[in-house]
**Student:** 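To start, I am sharing the structure in question, which I have written as structure tokens.
Both backbone and side-chain heavy atoms feed into the values below; hydrogens, waters and symmetry mates do not. Residue numbers start from 1 in every chain, and the chains themselves are labelled A, B, ... in the order their sequence lines are given, proteins ahead of strands.
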There are 2 protein chains.
Amino acid sequence: MTELADALERVREALGAGKVVLLVGEMEVTYEGRSMSWLGRGERILMIKGDRSVLIHRPKGCEPVNWQPPGSHIEAWLEGDRLILSCNRTAPPERLKITVSRLVQLATHKLADEAEFEMHAREEDMKLAIIEEPCIIEEGFRIVESERPVREGAIDILGVDSQDRLVVVEIKRERASKEDVKQLSRYADQIELEFGRRPRSILVAPSLSTSAASLAARLGIESRRLSPRRAQEILRKRRGLDRFLAGNG
Amino acid sequence: MTELADALERVREALGAGKVVLLVGEMEVTYEGRSMSWLGRGERILMIKGDRSVLIHRPKGCEPVNWQPPGSHIEAWLEGDRLILSCNRTAPPERLKITVSRLVQLATHKLADEAEFEMHAREEDMKLAIIEEPCIIEEGFRIVESERPVREGAIDILGVDSQDRLVVVEIKRERASKEDVKQLSRYADQIELEFGRRPRSILVAPSLSTSAASLAARLGIESRRLSPRRAQEILRKRRGLDRFLAGNG
DNA sequence: TGTTTAATATCGTTA
DNA sequence: TAACGATGTTAAACA
């Protein structure tokens, strides 16, 4: 197969030059390492990036069927009328073997992409919004400390209410589960041990699961509705205001 | 830009025909939905599959920088000298907008892939290995029940030892963490409540983290070393033996 | 280097 | 549909 022999040369050249390889064709895939998998012959897309990460995509589904993280050692050779690609890692030991039996398309590109990726509306942004605007929790709420370490993990926010009672705040960016309520309860236990009196506990999340809500009620844990999106809007508004005040100062 | 106008037509045709689109070029990307993200201009690979899942890959890294799961509604149009792709979902509401400013390559393919994907050596296989060969846990160990539901979740394996003491077994396919030890301890609490006496607790995993090991020691929790790979070997050997015995029967 | 935690996690199963 | 755990989770932050 002259076509696959040519492909082998181009793949080797691309690997050496740190190019991205896009190979469309008929292939079999086996993986052995943390798990083991077999995938029989079919038409797929193989992507090898400049950092030697490897992805195999089927014609459907968002996730790759097989992959190898960046830095794998890649070898390529011909075996009869097949093009073999062996992608190996040592820690943990794992191997991905791709057997290409028919080539549909092969492209290689040297790509330049230095842009910064910015993401917002994460759990971190919810915490920042509360720190910059504590009345999200309630009127008169003040921050004492963020990420205060306790025996198991860290308390998202420790604060005091208008009557100077300690408040333990736990933040979740998704619907809170029973387990999240238990975690907050354990944090409150730690604070009670340390300060000698029971703090208030407030779970901040866009919503609570039914079991989480009933457990929270039983344990006397309060909750506040806040979505990551709303937190992001509060931050943006506030920072806009800060810039305005700075400009006038 | 005649090139991008031509690309628009080919993308539309591919979307209608359920083809896979591979577009390499310079683009900006914004996402708004469960989170929000911005990515400035750079050279990337856009993949749209037949099921309308969308992936954007940078030249490095295993994971896509942005994506949209299968079934998103995709619209494409020209805006000045830019090709715009808008990929929308309704549940949850989220939108991915791609602005292509320069085309490097565009390919579309109708791919056929009907192969079955088989994966082995998962946590499930570790459980099966213990069920088929209980002496992996210890001499005289017998299975009572698998996946026994308790208040929070399910016990992987409940069994009895050679002295008829109850044993709660928790299986982890990776190095076990402190949290895994706590989970097992809570399961043991539930069994103690139900049966009126403290069961033995055994954590099965390829290894334990240092903090997990010390917590296990403090709580009187035992452990057994078992990797998914070894479990898979045991299963294969055993099933081979079963077939041999069945052939002789 | 190892551990811990967040993620647009995704994906499957079960009640 | 909601809840819950497994995943070859991946990836980043932290000690």
Side-chain angles (χ1 to χ4, degrees), chain A residues 29-37 53-56 61-70 72 87 89 91-96 117 119-127 147 149 152-154 156 171-180 183 207-213 228-229, chain B residues 29-37 53-56 60-70 72 87 89 91-96 117 119-127 147 149 152-156 170-180 183 207-212 227-229 232:
Chain A
V29 189
T30 63
Y31 165 80
E32 227 177 316
R34 285 174 285 177
S35 179
M36 291 184 242
S37 73
S53 48
V54 181
L55 296 157
I56 295 155
C62 209
E63 297 241 315
V65 63
N66 284 107
W67 69 94
Q68 197 71 290
S72 65
C87 315
R89 288 215 304 166
E94 47 189 355
R95 181 184 185 214
L96 187 64
F117 179 64
M119 190 159 66
H120 295 286
R122 307 150 302 163
E123 191 177 293
E124 176 71 11
D125 296 300
M126 294 173 74
K127 195 174 70 181
E147 291 300 321
E152 50 166 305
D156 284 335
I171 302 166
K172 291 293 158 190
R173 72 179 300 286
E174 285 186 76
R175 191 174 173 82
S177 72
K178 207 165 49 173
E179 200 50 51
D180 298 329
Q183 186 186 25
S207 64
L208 274 73
S209 78
T210 43
S211 59
R229 285 291 295 275
Chain B
V29 190
T30 62
Y31 165 79
E32 227 178 318
R34 287 173 285 176
S35 179
M36 290 183 242
S37 74
S53 47
V54 181
L55 296 158
I56 296 154
K60 290 180 181 182
C62 208
E63 297 240 312
V65 62
N66 285 106
W67 70 95
Q68 195 72 288
S72 67
C87 314
R89 289 214 305 164
E94 48 188 355
R95 180 184 185 213
L96 187 65
F117 179 65
M119 190 161 67
H120 296 287
R122 304 148 302 161
E123 186 175 299
E124 176 71 12
D125 297 297
M126 294 173 73
K127 195 173 68 182
E147 291 301 319
E152 51 166 303
I155 292 172
D156 285 333
E170 175 69 19
I171 303 165
K172 290 293 159 192
R173 65 179 305 289
E174 286 185 78
R175 191 172 173 79
S177 71
K178 209 167 49 173
E179 200 49 53
D180 298 328
Q183 185 186 28
S207 64
L208 274 72
S209 77
T210 43
S211 59
S227 69
R229 284 292 294 275
Q232 180 61 23

**Student:** Salt-bridged, R34(A) to E174(B), with N to O below 4.0 Å?
**Tutor:** no
**Student:** Specify the closest pair of heavy atoms between A121(B) and S35(A), including all atoms of both residues, with the distance to one decimal.
**Tutor:** O-OG, 3.6 Å
**Student:** Dump the intermediate steps for side-chain contact (heavy atoms from CB on, under 4.5 Å) on R229(B) and M36(A), then the final yes or no.
**Tutor:** CA-CA 8 Å; R229(B) 284 292 294 275; M36(A) 291 184 242; 3.5 Å; yes
**Student:** Quote, to the nearest angstrom, the P distance that separates dT5(C) from dG8(D).
**Tutor:** 22 Å
**Student:** Below 4.5 Å, heavy atoms only, C-beta onward: do M119(B) and E124(B) meet side chain to side chain?
**Tutor:** no
**Student:** For residues R175(B) and L208(B), determine if any side-chain heavy atom of one lies less than 4.5 Å from a side-chain heavy atom of the other.
**Tutor:** no
**Student:** Under 4.5 Å between any side-chain heavy atoms of S53(B) and W67(B), yes or no?
**Tutor:** no
**Student:** Which string of ( ) [ ] | and . matches DNA chain D, if you list each base 5' to 3' and count Watson-Crick or G-U pairs only when both distances are under 3.5 Å?
**Tutor:** |||||||.|||||||
**Student:** Using the P atom as the point on both nucleotides, what is the distance between dG5(D) and dT8(C), in whole Å?
**Tutor:** 22 Å
**Student:** Find the distance E179(A):CD to dA2(D):C1' and express it as a whole number of Å.
**Tutor:** 17 Å
**Student:** Measure from CD1 on I155(B) to C1' on dA6(D) and round the result to the nearest Å.
**Tutor:** 18 Å
**Student:** Under 4.0 Å between a side-chain N/O of S211(A) and OP1 or OP2 of dA2(D), yes or no?
**Tutor:** no
**Student:** Kindly give the heavy-atom pair with the smallest separation between L55(B) and C62(A), and that separation in Å.
**Tutor:** CD2-O, 3.4 Å
**Student:** Report, as a single string ordered 5' to 3', how protein heavy atoms within less than 4.0 Å touch nucleotides 6-15 of chain C: B base, S sugar-phosphate only, - not at all.
**Tutor:** SSBSSS----
**Student:** Please confirm whether the shortest side-chain N or O distance from T210(B) to OP1 or OP2 of dG2(C) is below 4.0 Å.
**Tutor:** no
**Student:** Answer yes or no: is there an ion pair linking E94(A) with R89(A), defined by an N-O contact shorter than 4.0 Å?
**Tutor:** yes
